[in-house]
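Chain identifiers are assigned alphabetically (A, B, ...) following the order of the sequence lines, protein sequences preceding nucleic acid strands; residue numbering begins at 1 within each chain. Quick caveat, the model's predicted, so the values are computed rather than measured.
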2 protein chains.
Amino acid sequence: MPRAPTTLDAFNAVAEPKRRQVLDMLAQGERPVNDIVHTLGWPQPQVSKHLGVLKKVGLVSERRSGRQRLYRLNGAQLKPIHEWVKTFERFWQHQLERIKARAEQKLRESRGPQRELPQEKERKQ
Amino acid sequence: MPRAPTTLDAFNAVAEPKRRQVLDMLAQGERPVNDIVHTLGWPQPQVSKHLGVLKKVGLVSERRSGRQRLYRLNGAQLKPIHEWVKTFERFWQHQLERIKARAEQKLRESRGPQRELPQEKERKQ
DNA sequence: TTGACATATTCCCACATGGGAATATAATTC
DNA sequence: GAATTATATTCCCATGTGGGAATATGTCAA
C-alpha cells in the first residue's frame, strides 16, 4: 500500500508546505486564482492543482464570477488537526517544569529502567 | 519532484494516521516496542518502521534497556503544527457569529462580486 | 554455545506524488 | 467569429511510499 493520497484528509493535504501557504493567503479573504499566482509567484497550473487538492478535502470552496474563480477558505476543516495536536500542548508548555521533569528523568535513568516498562516485563516473566 | 519524504518534518510524519496512534500511545509514557505491538496489534516490523520515521523527525527518542528499546515522546516537535493551525482558530470558534457572517456574505454575493477581487481588476484595467 | 526473545533491516511492489510543459476549456471583449 | 484573459486538465517522470515477507542484529538465559 502506497502513501495515502493527499486528498484523503486535511492532515495529508496540509503536509505540503505550499498548500499551507495558499491557506495562509486565503485566511485574509476570498481570492481569485491569479491573485495567488501573482502574490506567490508560482506557475498558474501549479496553483490550480494545489487548489484542487484543497478543494477535494473541503479546505476551500470555489465560486465563479465571470471568468474568475474565487477561492474561499473553509477553516473549519482544520479543526480535527487542531484538536489532535492540542492534546499534546502540555509537552511544550510549562517549560520550567519540563526542565525539572527532565532532570528527574535523568536521575531515574541513571538508576536503571523504571516505571513505564514493567507492563511488558510483568506479563512475560 | 515527488511528494516530500515523510521524514522531512512533523507535518509529513504525522499525516499518516498510524503514526498519530503511536504518538497517542507514547503520550502516556515511555514504552518498549513490544508494548506498542501488542496494544495496537500490528506486525512488529511495521511498528519499528513507523517509530523509525518518528525518530527521524525528532518526534520520539529512543533509549536502550537490555534487549528492549524504550521510546519516549518528544511532543515539543508538534509545536510548529499547533502554532500554524492555531492561527485558523477563528474560523471555527464563535459559531453564531460565523453563521451571521455567512448570511452577510450570501447577501453580498447576491449583489455580485465584491471586495476581495478588485486587486486584480484594478491593477489590470 | 545454543536457543529464545526483542527489535531492526532489507527486499519487494503497486501507487500517488509535485513539478514542468503543453494544451484544453470557458468567459469576455472587439 | 477571432483574439484575449482566466483557469483547469492532461501527459510526463523520478521518487518515496506503507505493507508484507523474510531475514538480520543484538541481548539475555541455560
Side-chain angles (χ1 to χ4, degrees), chain A residues 1-9 11-22 30-57 60 62-71 112-113 117 119-121 123-125, chain B residues 1-9 11-22 30-57 60 62-71 112-113 117-125:
Chain A
M1 199 185 288
R3 215 211 283 211
T6 55
T7 52
L8 182 71
D9 56 22
F11 278 99
N12 280 280
V14 146
E16 165 66 40
K18 296 205 167 175
R19 281 193 287 266
R20 292 200 297 277
Q21 275 188 262
V22 170
E30 200 180 38
R31 291 264 181 282
V33 177
N34 246 332
D35 215 37
I36 303 175
V37 168
H38 290 122
T39 302
L40 300 180
W42 306 339
Q44 174 267 313
Q46 196 176 332
V47 172
S48 281
K49 282 182 204 165
H50 282 308
L51 284 170
V53 172
L54 294 173
K55 190 177 161 194
K56 217 164 205 165
V57 295
V60 304
E62 178 221 25
R63 170 169 81 89
R64 288 153 208 244
S65 166
R67 23 186 170 185
Q68 302 195 117
R69 311 237 185 155
L70 303 170
Y71 282 86
L117 56 160
Q119 301 100 339
E120 193 65 5
K121 293 238 154 181
R123 242 189 277 131
K124 296 280 173 181
Q125 301 188 18
Chain B
M1 198 185 288
R3 214 208 287 210
T6 55
T7 51
L8 182 70
D9 56 23
F11 278 98
N12 280 281
V14 146
E16 164 67 40
K18 295 204 169 175
R19 280 192 289 266
R20 291 200 297 276
Q21 274 188 262
V22 171
E30 201 180 36
R31 292 264 181 281
V33 177
N34 247 332
D35 216 36
I36 303 175
V37 167
H38 291 123
T39 302
L40 299 180
W42 306 338
Q44 174 267 314
Q46 195 175 335
V47 172
S48 281
K49 283 182 203 167
H50 282 308
L51 285 170
V53 172
L54 294 173
K55 190 178 162 196
K56 217 165 205 164
V57 295
V60 303
E62 177 220 25
R63 172 169 80 90
R64 288 151 208 246
S65 167
R67 21 187 170 182
Q68 301 194 118
R69 310 237 186 156
L70 304 170
Y71 282 86
L117 55 160
Q119 302 100 338
E120 194 64 7
K121 292 240 155 176
E122 279 159 5
R123 244 189 277 131
K124 297 281 172 183
Q125 302 189 17

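- Taking only side-chain atoms of B:Gln68, from C-beta outward, the nucleotide of C:dT7, D:dG19, C:dG19 with the closest atom is C:dT7.
- Phosphate proximity of C:dT7 to B:Gln44: absent, as no side-chain N or O sits under 4.0 Å from OP1 or OP2.
- For the pair B:Val47/B:Leu40, no side-chain contact is recorded, criterion being any heavy-atom separation below 4.5 Å from C-beta on.
- As a whole-Å value, the separation of A:Glu62 CD from C:dA26 C1' is 12 Å.
- Nearest-nucleotide positions on DNA chain D place A:Arg67 closer to the 5' end than the other of B:His50 and A:Arg67.
- Ranked by how close their nearest DNA chain D nucleotide is to the 5' end, A:Arg3 and A:Pro45 are led by A:Pro45.
- Between B:Tyr71 and C:dA8 there is a side-chain polar atom (N or O) within less than 4.0 angstrom of OP1 or OP2.
- Under the 3.5 Å distance criterion, the side-chain polar atoms of B:Arg19 are left unmatched by any main-chain donor or acceptor of B:Val14.
- Contact record, A:Ala13 with A:Val53: CB-CG1, 4.2 Å, taken as the closest heavy-atom pair.
- Taking atom CH2 of A:Trp42 as the reference point, atom P of C:dG20 lies 12 Å away to the nearest angstrom.
- In this structure, of C:dG18, D:dT17, C:dT9, it is D:dT17 that holds the atom nearest to the side chain of B:Thr6.
- Along DNA chain C, the nucleotide closest to A:Lys18 and the one closest to B:Arg69 are compared, and the more 5′ of them pairs with B:Arg69.
- Taking atom CG of residue A:Leu51 and atom C1' of nucleotide D:dT9, one finds them 14 Å apart after rounding to whole Å.
- Computed from coordinates, the A:Leu54 CG to C:dT17 P distance equals 13 Å when rounded to whole Å.
- What separates CG of A:Leu40 from P of D:dT7 is a distance of 14 Å, to the nearest Å.
- Mapping A:Arg64 and A:Lys49 onto DNA chain C via the closest heavy atom, the residue that lands nearer the 5' end is A:Lys49.
- Side-chain nitrogen and oxygen atoms of A:Arg19 include at least one within less than 4.0 Å of the OP1 or OP2 phosphate oxygen of C:dG18.
- The side chain of A:Ser48 contributes no N or O atom lying less than 4.0 Å from OP1 or OP2 of D:dT7.
- The minimum heavy-atom distance between A:Val57 and A:Thr7, with the atom names listed, is CG1-O, 3.2 Å.
- A:Leu8 has its CG atom 14 Å from the C1' atom of C:dT17, to the nearest Å.
- Within the 3.5 Å criterion, the main-chain N or O of A:Tyr71 finds no donor-acceptor partner in the side chain of A:Arg63.
- For the OP1/OP2 pair of D:dG18 and a distance below 4.0 Å, the side-chain nitrogens and oxygens of B:Gln46 include no atom meeting the criterion.
- The side chain of B:Pro5 sits closest to D:dG16 out of D:dG16, D:dG19, C:dA16.
- Residue A:Asn34 places none of its side-chain N or O atoms closer than 4.0 Å to OP1 or OP2 of D:dT5.
- Summarising the geometry, the separation between NZ on B:Lys55 and C1' on C:dT7 is reported as 11 Å, rounded to the nearest angstrom.
- Under the 3.5 Å distance criterion, the side-chain polar atoms of A:Asp9 are matched with a main-chain donor or acceptor of A:Asn12.
- Per the geometry, NZ belonging to B:Lys56 stands 11 Å off P belonging to D:dG16, to the nearest Å.
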